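Notes follow once the structure below has been shown.
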Amino acid sequence: MARIGVFVCHCGTNISGVVDVSRVAKYAESLPGVKVAVDYKFMCSDPGQNTIIDAIKTHNLDRIVVSACSPRMHELTFRNTLERAGLNPYMVEMANIREHVSWVHSDNKELATEKAMKLMEMSVSKVRRSEVLTKMFAPIEKRALVIGGGIAGIQAALDIAAAGYKVVLVEKESSIGGRMAQLDKTFPTLDCSACILTPKMVAVSQDKNITLLTYAEVTEVSGFIGQFEVKIKKKAKSVNSKCIGCGVCVTKCPNKKSLSDFDGRLGPRKAIYTLFPQAVPNVPVIDRETCTFFLTGKCKICEKVCPTSAVDYTQQDELITEKFGAVVVATGFDIYDHSSYGEYGYGEIKDVISSLQFERLISSSGPTEGHVVRPSDQKEVKNVVFIQCVGSRDESKKRPYCSRVCCMYTAKQAMLLKDHYPETQSYVFYIDIRAAGKNYEEFVQRAQNDYGVVYLRGRVSKIYERGNKLLVKGADTLSGAQVEIEADLVVLANGLEPRKGAKEFSQLFHMSSDQYGFYNELHPKLAPVETAISGVFVAGCCQSPKDIPDTVAMASATAAKVCAIFAKEKMEVEPLIAGVNQLTCSGCETCYNVCPYSAIEMKDKEVKRGEVRHVAEVLESVCKGCGVCVGACYSKAVDLKGFSERQILSQVETATMPITNS
Amino acid sequence: MESKVKEINIVGFLCNWCSYAGADMTGLGRNIYPSNIKVIRIPCTGRMDPMMIIEAFHNGADGVLVSGCHPGDCHYTEGNFYWRRRYPHLKSLLEHFGVDRRRFHASWVSASEGKKFAEVVKKVYAEVKDWKDNG
């Protein structure tokens with residue numbers, strides 16, 4: 001006979017404010033097998049856990065139910081508690097009376113209490129049928145895959161490599177650097193982006209532990225923590241390893257028709273190109289869609305001028321398969337495309353540019369070598385209007401979130417403009433200024449006080465083209481006045497959004513995304529870099545908009561998590577897997593056919609003395625415990641540990657019974 | 001006869017990775033929904049043995065909801081595809097046995113769709129109540 005203890009948590013007042021916890025505990029005591037039931041303010045706290053351990057010893061309990069928060073939150077905590085009390089860690093069930101009761105049924109305390117009692121009773125029924133499970137161990141491939149070569153990926157790769165582990169860094173462009181490489185200077189210190197980024201890029205290329213795969217993409221992922229198997233497509237660069245990066249091919253390439261995406265399409269790009277002068281690796285690639293040779297079969301100028309015969313038109317895409325123990329996803333962001341804003345000209349007015357285009361204009365390595373000129377007529381500017389929150393904090397564009405960096409980079413851009421051209425005047429239309437960060441508020445104040453940037457609180461209603469000027473009409477809600485500004489250039493503070501293709505990419509790993517497409521962390525506060533997929537971590541803006549310091553911190557955090565996995569000899573894996581009762585298995589192979597992991601093997605085996613039959617067997621190290629085989633088995637020969645047929649049916653039975661005495 | 005709120009009993013089967021987490025999110029967002037649903041956590045909707053649903057109705061449940069990851073988002077790659085196939089068959093079979101279609105529901109709720117879970121439960125509750133009150 002099971003000896004069960006029930007522990008009901010108040011969670012401060014989170015639960016007890018709605019649910020009558022003492023009634024839940026009292027009801028528990030009346031259930032068969034329950035030897036003790038107590039309620040306590042914080043079950044997960046040290047004294048709370050000690051209460052459990054003491055009760056286990058005093059009442060000689062062999063299993064427990066904790067009625068508290070979601071098992072997704074604290075199941076592990078209480079498993080550890082059981083271990084400390086000398087019990088099998090899998091003899092605990094949690095009844096979720098916080099997320100599933102008190103927080104969602106606060107409108108009716110009586111019904112909430114009854115539901116809490118019921119959920120607790122269902123867990124008691126389940127735990128009564130729990131079995132002792134032994135932990136399993138699996139080998140770890142001690143190599144990390146970092147996807148995305150922006151500052152997040154670079155930092156994560158460097159930190160993991162510094163700990164002595166091998167890293168493969170995959171970047172889809174021809175150079176690492178990411179968005180940060182596109183920026184001119186960075187807030188709030190105004191140090192130049194390239195000056196602080198390029199040393200890190202070079203460090204990546206020189207680190208013996210890091211293998212850099214640029215112009216490459218991850219195409220397929222299988223496996224799990226410790227044993228991911230990843231297919232990576234190395235796109236044909238058409239330039240081989242003999243390249244010394246002299247750049248003659250780029251200079252001589254006659255094709256000037258393409259526009260550089262890196263430069264915000266403000267400048268030309270050759271068909272053979274490096275992304276930017278400080279590219280790492282400094283090896284150009286040929287864009288086969290625009291290259292004259294690939295289009296017409298004639299030209300071959302780059303091949304002729306190359307001093308090392310590095311140009312190779314016959315190169316093919318290459319698919320490689322590698323094994324990794326852990327993955328860092330740092331795929332970054334795109335900026336919001338403002339062509340959906342009619343009031344700002346649907347993206348069709350040439351002199352209304354995005355913030356990233358402004359970065360390229362003012363950057364000395366940009367298409368204009370740092371001269372801020374109007375894209376329409378290449379004339380210098382005098383009055384510049386900056387508009388905040390374009391594709392941020394805007395319900396109508398389904399972008400209600402704050403992109404966190406725009407207030408700051410707009411202040412920075414206005415200051416840089418004044419530094420370059422003292423005679424210019426900048427105006428900023430804003431909703432609120434959000435400058436929460438070390439030295440951030442001071443920075444915005446400096447823009448206003450020392451740089452004479454005029455801040456107008458209000459929205460712009462329309463931008464008209466008048467002659468060769470732009471007429472910006474808006475409201476200043478502080479003075480209540482309508483404002484009209486004749487501007488030479490309008491710079492929009494485009495918000496940050498997930499990369500195009502973020503959804504498809506997340507499906508490779510089965511990561512979940514939020515409603516906008518940013519990848520979900522495991523817990524918003526306590527597991528900000530983990531994902532629901534063990535061994536897959538997220539860093540940087542693919543998780544949510546953030547600035548460079550936060551991105552770097554997050555990347556280092558993922559590195560710490562990866563190193564923690566690699567530091568162990570073997571990895572503990574949950575024993576919540578399927579098992580076959582070969583005495584009842586009919587050998588129909590249904591489970592074998594449906595298993596998503598090929599974790600079932602068909603064997604001819606002596607199941608009884610003298611009786612050899614064709615039966616299924618679970619490969620324990622491969623099974624992930626989804627239970628698809630259990631749902632499919634015709635003869636009920638397969639069952640899932642931790643979610644067994646008996647356990648779930650007992651929950652169903654209890655759920656449909658009325659509460660006996662309340 | 002009008003059913004009492006208390007008397008409607010719905011059993012919910014939620015997959016651990018999407019819908020159960022989505023229901024947790026409903027709690028984080030404090031979205032109120034009818035307390036009639038009692039949730040059972042399962043690893044994946046692919047784990048759903050039709051017996052568990054039949055047993056629920058057999059024992060007197062008024063409604064059953066099974067909810068999992070959106071097709072294509074399954075934590076186990078393809079588990080929910082099996083459930084997607086099973087559901088319509090089971091639904092018509094149950095109907096054939098006299099279980100009204102308003103009593104048996106399936107939905108896709110992701111880990112971030114807390115509000116949606118509350119809406120799903122409200123809808124299921126309304127349909128089950130409609131069946132109970134009007135037959």
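Keep in mind the model is a prediction, meaning the values are calculated, not measured.
Within the 4.5 angstrom heavy-atom criterion, no atom of B:Phe81 approaches chain A. If you measure heavy-atom distances from B:Met51 to chain A, the contacts under 4.5 Å come from both the backbone and the side chain. Using a 4.5 Å cut-off between heavy atoms, A:Ala632 touches chain B through backbone and side chain atoms alike. Only the side chain of B:Val11 comes within contact range of chain A, with heavy atoms under 4.5 Å apart. A:Ser506 does not touch chain B: none of its heavy atoms, backbone or side chain, sits under 4.5 Å away. Both the backbone and the side chain of B:Met52 come within contact range of chain A, each with at least one heavy atom under 4.5 Å from a heavy atom of that chain. The contact between B:Tyr33 and chain A is made by backbone and side chain atoms together, counting heavy-atom distances below 4.5 Å. Interface remark: B:Asn59 contributes backbone and side-chain atoms alike to the contact with chain A (heavy atom separation under 4.5 Å). For chain A, no part of B:Ile53 is nearby; none of its heavy atoms comes within less than 4.5 Å. B:Arg41 touches chain A through backbone and side chain together, each having a heavy atom under 4.5 Å away. For a residue to count as touching a neighbouring chain, one of its non-hydrogen atoms must lie under 4.5 Å from one of that chain's; by this rule B:Asn16 touches chain A with backbone and side chain alike. Only the side chain of A:Tyr597 comes within less than 4.5 Å of a heavy atom of chain B; its backbone N, CA, C and O stay farther away. Residue B:Ala118 does not touch chain A at all, counting heavy-atom pairs closer than 4.5 Å. Only the side chain of A:Lys118 comes within contact range of chain B, judged by heavy atoms closer than 4.5 Å. Residue B:Cys18 does not touch chain A at all, counting heavy-atom pairs closer than 4.5 Å. Contacts of A:Ser106 with chain B are made by both backbone and side-chain atoms, with heavy-atom separations under 4.5 Å.
If you look at A:Phe518 and A:Tyr401, their ring centroids are closer than 6.0 Å. Note: B:Phe97 and B:Phe57 fail the aromatic proximity criterion, with ring centroids not under 6.0 Å apart.
In this structure the side chain of A:Pro71 reaches within 4.5 angstrom of the side chain of B:Tyr20, judged on heavy atoms. Two residues are said to be in side-chain contact when any heavy atoms from C-beta on lie closer than 4.5 Å; B:Ile37 and B:Val124 fail this criterion. Side chains of B:Arg47 and B:Asp49 form a contact here, defined as non-hydrogen atoms less than 4.5 Å apart. The side-chain heavy atoms of A:Asn108 and B:Ser35, taken from C-beta on, include no pair separated by under 4.5 Å. Side-chain contact between A:Thr590 and A:Cys633 is absent, with no heavy-atom pair separated by less than 4.5 Å. The closest side-chain heavy-atom distance from B:Arg102 to B:Asp130 is below 4.5 Å.
Note on B:Ala111, B:Gly72, B:Gly79, B:Cys69: by heavy-atom pairs under 4.5 Å with chain A, the leading option is B:Gly72. Highest contact tally toward chain B, considering only A:Gln515, A:Gln647, A:Met73, A:Lys636, is held by A:Lys636 [criterion: heavy-atom pairs under 4.5 Å]. Contact tally against chain B (heavy-atom pairs below 4.5 Å) for A:Met657, A:Lys115, A:Glu99, A:His100: the top residue is A:His100. Between chain A and the residues B:Leu28, B:Asp73, B:Asp24, the most heavy-atom pairs under 4.5 angstrom are made by B:Asp24. Note on B:Gly114, B:Pro43, B:Ala56: by heavy-atom pairs under 4.5 Å with chain A, the leading option is B:Pro43. Between chain A and the residues B:Pro50, B:Cys15, B:Ala21, the largest count of heavy-atom pairs under 4.5 Å involves B:Ala21. Between chain A and the options B:Met48, B:His58, B:Arg86, the largest number of non-hydrogen pairs under 4.5 Å is found for B:Arg86. Of the listed residues (A:Val101, A:Val104, A:Val630, A:Thr656), the one with the most heavy-atom contacts under 4.5 Å to chain B is A:Val104. Of all the listed residues (A:Lys503, A:Glu645, A:Met511), the one sharing the greatest number of non-hydrogen pairs under 4.5 Å with chain B is A:Glu645. Comparing A:Leu649, A:Leu576, A:Val594 by heavy-atom pairs within less than 4.5 Å of chain B, the highest count is held by A:Val594.
Annotation: B:Lys115, atom NZ; neighbour count of heavy atoms from other residues, nucleotides and ligands within 6.0 Å does not exceed 12.
Ring planes of B:Tyr87 and B:Trp83: tilted class, angle from 30 to 60°.
Each of A:Leu119, A:Val652, A:Thr654 was scored for a side chain to side chain contact (heavy atoms under 4.5 Å, CB included) with B:Lys38, with one residue passing: A:Leu119.
Between the side chain of B:Ser67 and the backbone N or O of B:Leu14, no donor-acceptor pair lies under 3.5 Å. Between the side chain of A:Ser102 and the backbone N or O of A:Val18 there is no donor-acceptor pair closer than 3.5 Å.
For the atom pair OG1 (B:Thr77) and NE2 (A:His510), the distance works out to 3.0 Å, reported to the nearest 0.5 Å.
Taking the charged nitrogens against the carboxylate oxygens, B:Asp62 and B:Lys132 do have a contact shorter than 4.0 Å, which makes a salt bridge.
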